Amino acid sequence: MQAKAEQLRVPGDLAIIGQENQPVGIGLGLTTVDHQLTKIGEQACSLMIKKSNGKIETPYRIIERDSV
């Protein structure tokens, strides 16, 4: 780790914060930001349904291959 090579103390001289609470951060004892993406998605869907009066159209396309 570059901080060790520069003889910097973490924490102390340098603070490090990771993103998305990845499992690798747990093993390293890394402070992380958990954006709770599932909850954000649930809120987005709820707002979309509320604003659309229950009528939601989502774009799609059929990609035809050998199974049809």
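What you are looking at is a predicted structure, and each value in this text was computed from that prediction instead of being measured.
- Partner of V10 under the side-chain contact (heavy atoms from CB on, under 4.5 Å) criterion, out of L30, L28, I16: I16 alone.
- Pairs of residues two or more places apart, or lying in two chains, that qualify as side chain to side chain donor-acceptor pair (under 3.5 Å) and include a residue from residues 8-35 are R9-D13, Q19-H35, N21-T32.
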Name each donor-acceptor pair under 3.5 Å that joins a side chain in residues 39-47 to protein atoms two or more places apart or in another chain, with its distance.
none

